[in-house]
Amino acid sequence: MLNFEFKNPTKIIFGKDQITSLSKEIPDNAKILMLYGGGSIKKNGIYEQVTAALSNFEVVEFGGIPANPEYEILLKALEVIKSENITFLLAVGGGSVIDGTKFLSSAALYEGDTPWDILANKKPTLKGLPFGTVLTLPATGSEMNSGAVVSRAETKEKLAMGGPGLFPQFSILDPQVVQSIPKQQLANGIVDAFTHVLEQYMTYPSGGHLQDRIAEGILQTLIEIAPKIIADPSDYEAASNFMWSCTMALNGLIQKGVPTDWAIHAMGHELTALYGIDHARTLAIIAPSHYRFNFENKKDKLAQFGERVFDLREGTKEEKAKAAIEKMEDFFHSLEIKTRLSEYTPAYKGTASIISKRFNQRSWLGIGEHKNLTPDHVEKIVEMSY
Ligand code: NZQ
Ligand code: ZN
């Protein structure tokens with residue numbers, strides 16, 4: 001096992017009707033900016049629950065943060081934070097609203113010329129404006145981590161940021177919010193969380209036995225609840241396990257002491273930036289070809305994944321490893337998630353070379369757990385996913 005430090009300061013308040021405890025978590029004299037997305041919270045009752053819980057506070061609202069939070073829109077929220085002297089941010093939404101709020105938390109205290117530099121320069125945020133979240137969509141784990149991803153339509157970029165100053169102070173996780181999520185978004189959430197676990201697991205054996213078992217437990221739980229939650233999103237037992245699995249998949253715990261990959265996300269973000277494909281779907285496009293391309297380096301863990309998660313008993317290590325990739329793809333297909341780029345955009349040809357050029361320009365010359373995947377390798381992997 002590798003050396004590590006672990007600190008996660010986010011308080012999780014989990015369970016039925018927990019939005020009512022919101023007021024206890026925010027300082028009495030706070031001036032709150034409540035941030036939300038395109039309006040789903042106004043149709044499913046979450047907006048009423050949150051505003052009722054905040055009735056004793058001074059609250060300003062900022063709605064309209066789109067999926068893949070857009071930089072230009074966030075700049076408008078930044079103006080509100082400054083002109084209204086906001087002291088606390090409350091994100092009510094999925095990964096996009098929470099990530100947008102993390103960007104604002106950082107940008108509100110940023111002293112540089114242009115807040116885009118927070119993303120472009122990748123300098124960790126050590127201190128941000130305090131914020132909390134009410135999670136409405138299990139998927140990203142953003143509710144209990146310190147990372148964020150922001151998009152910019154003008155340049156077709158999607159870049160990540162983060163730092164120890166960007167953990168939410170608290171996150172309220174009421175699994176009842178899952179009831180109103182459309183099937184397509186439920187499937188996205190399952191595949192995103194599944195791939196988060198894989199990015200921290202599908203590397204090489206490193207003696208992190210507990211980390212492996214926890215990772216496999218999350219994968220098995222996601223596979224078990226997937227058909228149930230798709231069939232009936234009001235199934236509370238399935239919803240609560242879905243929600244907690246997504247949080248546990250990316251709150252830092254399973255990555256401690258083990259090597260991590262994250263190449264699938266790096267390539268996937270480019271597909272969202274170029275074509276607007278949903279985040280989780282970009283991962284389902286890249287993952288199979290990434291594992292086939294890096295088969296030699298990853299076959300030990302692929303075979304372990306096959307044996308322990310999909311109960312593959314027959315064949316050699318190589319055969320089990322290959323079958324495991326197919327099983328993973330079958331799982332994505334079972335959620336009606338397609339795994340070829342050409343199934344999402346007619347403009348797929350040439351994508352691989354665009355992405356490899358971008359990686360070169362940004363000096364991303366070695367990614368993956370061995371930091372040895374070059375832009376040329378990236379080009380091949382993306383091409384294999386056409
Ligand atoms: O905008 P509204 O109207 O609220 O609708 C949203 C949105 O259209 C809807 N929705 C959310 N909760 C709902 C609901 N609809 C009905 N009922 C509810 N309870 O779902 C749609 C998608 O929401 P979004 O927040 O975009 O989804 P998700 O949580 O998947 O977030 C995706 C973003 O997170 C980033 C992605 O790159 C993408 O930008 N990620 C963030 C990570 C992190 N911070 O750690 C890690 C991930 O790998 C990922 O990169
Ligand atoms: Zn993801």
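Read the numbers this way: they start at 1 and go in the same order the structure lists the ligands and their atoms. Only heavy atoms go into these numbers, but all of them, side chains included; no hydrogens, no water, no symmetry mates.
- For an aromatic pair to be called close, the ring centres must be under 6.0 Å apart, and Y275 with Y348 fails this.
- In terms of protein heavy-atom proximity, atom 23 (O) of ligand 1 is closest to L137 CD2, 3.4 Å.
- Using a non-hydrogen distance threshold of 4.0 Å, V149 registers as a contact of ligand 1.
- Here the protein heavy atom with the shortest distance to atom 34 (O) of ligand 1 is T140 CG2, 3.4 Å.
- Taking the ring centre of Y236 as origin, the terminal cationic atom of K16 falls inside the region bounded by 6.0 Å and 45° from the ring axis.
- Residue G39 places a heavy atom under 4.0 Å from ligand 1.
- At a heavy-atom distance under 4.0 Å, atoms from both the backbone and the side chain of T136 approach ligand 1.
- Taking the N/O/S atoms of D192 in turn, the shortest distance to the Zn ion (ligand 2) belongs to OD1.
- Remark: aromatic rings of F131 and F88 are distant, center separation not under 6.0 Å.
- Listed by number with element, the atoms of ligand 1 under 4.0 angstrom from any heavy atom of H265 are 48 (O).
- With 3.5 Å as the limit, one finds no donor-acceptor pair spanning the side chains of N251 and N8.
- Remark: the H269 side chain and the T282 side chain contain no N/O donor-acceptor pair separated by less than 3.5 Å.
- The protein atom (non-hydrogen) at minimum distance from atom 49 (C) of ligand 1 is H279 NE2, 3.3 Å.
- Ligand-side atoms of ligand 1 in range of S180: 16 (C), 17 (N), 18 (C), 19 (N), range being under 4.0 angstrom from any heavy atom.
- At the top of the distance list for atom 33 (C) of ligand 1, counting protein heavy atoms only, stands S96 OG, 3.5 Å.
- For the 3.5 Å distance criterion, the side chains of Q176 and D17 qualify, holding a donor opposite an acceptor.
- Numbered from 1 in the order shown, with element, the atoms of ligand 1 that lie under 4.0 Å from a heavy atom of A67 read 26 (O).
- Side-chain contact of E143 with T247: a donor-acceptor pair under 3.5 Å is present, judged by distance alone.
- Judged by distance alone, the side chains of Q304 and E216 do bring a donor and an acceptor atom under 3.5 Å apart.
- Nearest non-hydrogen protein atom to atom 45 (O) of ligand 1 is N145 ND2, 2.9 Å.
- Not a single protein heavy atom sits closer than 4.0 Å to atom 7 (C) of ligand 1.
- Judged by the 6.0 Å distance and 45° axis criteria, K256 is not positioned over the aromatic ring of F6.
- Checking N68 against H279 by side-chain atom types alone, no donor-acceptor pair falls below 3.5 Å.
- For the 3.5 Å distance criterion, the side chains of T374 and H377 qualify, holding a donor opposite an acceptor.
- The proximity of I41 to ligand 1, defined as any non-hydrogen pair under 4.0 Å, does not occur for either the backbone or the side chain.
- With hydrogens and angles left out, the side-chain atoms of S234 and Q179 include no donor and acceptor closer than 3.5 Å.
- With respect to E58 and K31, a salt bridge is recorded, a charged nitrogen being found less than 4.0 Å from a carboxylate O.
- Heavy atoms of P182 found under 4.0 angstrom from ligand 1 belong exclusively to the side chain.
- For ligand 1 and D192, the ligand atoms under 4.0 Å from any heavy atom of the residue are 47 (C), 48 (O).
- Within ligand 1, the atoms closer than 4.0 Å to a non-hydrogen atom of I181 are 16 (C), 17 (N), 18 (C), 19 (N), numbered from 1 in the order shown.
- Contact annotation for P69 and ligand 1: only side-chain heavy atoms (C-beta onward) come within less than 4.0 Å of the ligand.
- Residue V177 approaches ligand 1 through these ligand atoms, each under 4.0 Å from one of its heavy atoms: 19 (N).
- There is a protein heavy atom less than 4.0 angstrom from atom 29 (O) of ligand 1.
- Using modelled atom types, one finds a donor on one side chain and an acceptor on the other under 3.5 Å when comparing D99 with S142.
- No N or O atom of G37 sits closer than 3.5 Å to an N or O atom of ligand 1.
- Of all protein heavy atoms, the one lying nearest to atom 1 (O) of ligand 1 is G38 N, 2.7 Å.
- Contacts between N44 and ligand 1, counted as non-hydrogen atom pairs separated by less than 4.0 Å, involve the side chain only.
- For N68, heavy-atom contacts with ligand 1 shorter than 4.0 Å involve the backbone as well as the side chain.
- In this structure, K301 forms a cation-pi arrangement with Y201, its terminal cationic atom sitting closer than 6.0 Å to the ring centre and no more than 45° off the ring axis.
- Inclusion of K102 in the set of residues having an N or O under 3.5 Å from an N or O of ligand 1 is not warranted.
- Comparing K42, H269, K158 by heavy-atom distance to atom 36 (C) of ligand 1, the nearest is K158.
- G147 counts as a contact of ligand 1, since one of its heavy atoms falls under 4.0 Å from the ligand.
- Panel note: side chain Q220, backbone F310; no donor-acceptor pair is recorded below 3.5 Å.
- With respect to atom 9 (C) of ligand 1, the closest heavy atom belonging to the protein is S40 OG, 4.4 Å.
- A donor atom on one side chain and an acceptor atom on the other are found under 3.5 Å apart for N145 and K102.
- The protein heavy atom nearest to atom 41 (C) of ligand 1 is D99 OD2, 3.0 Å.
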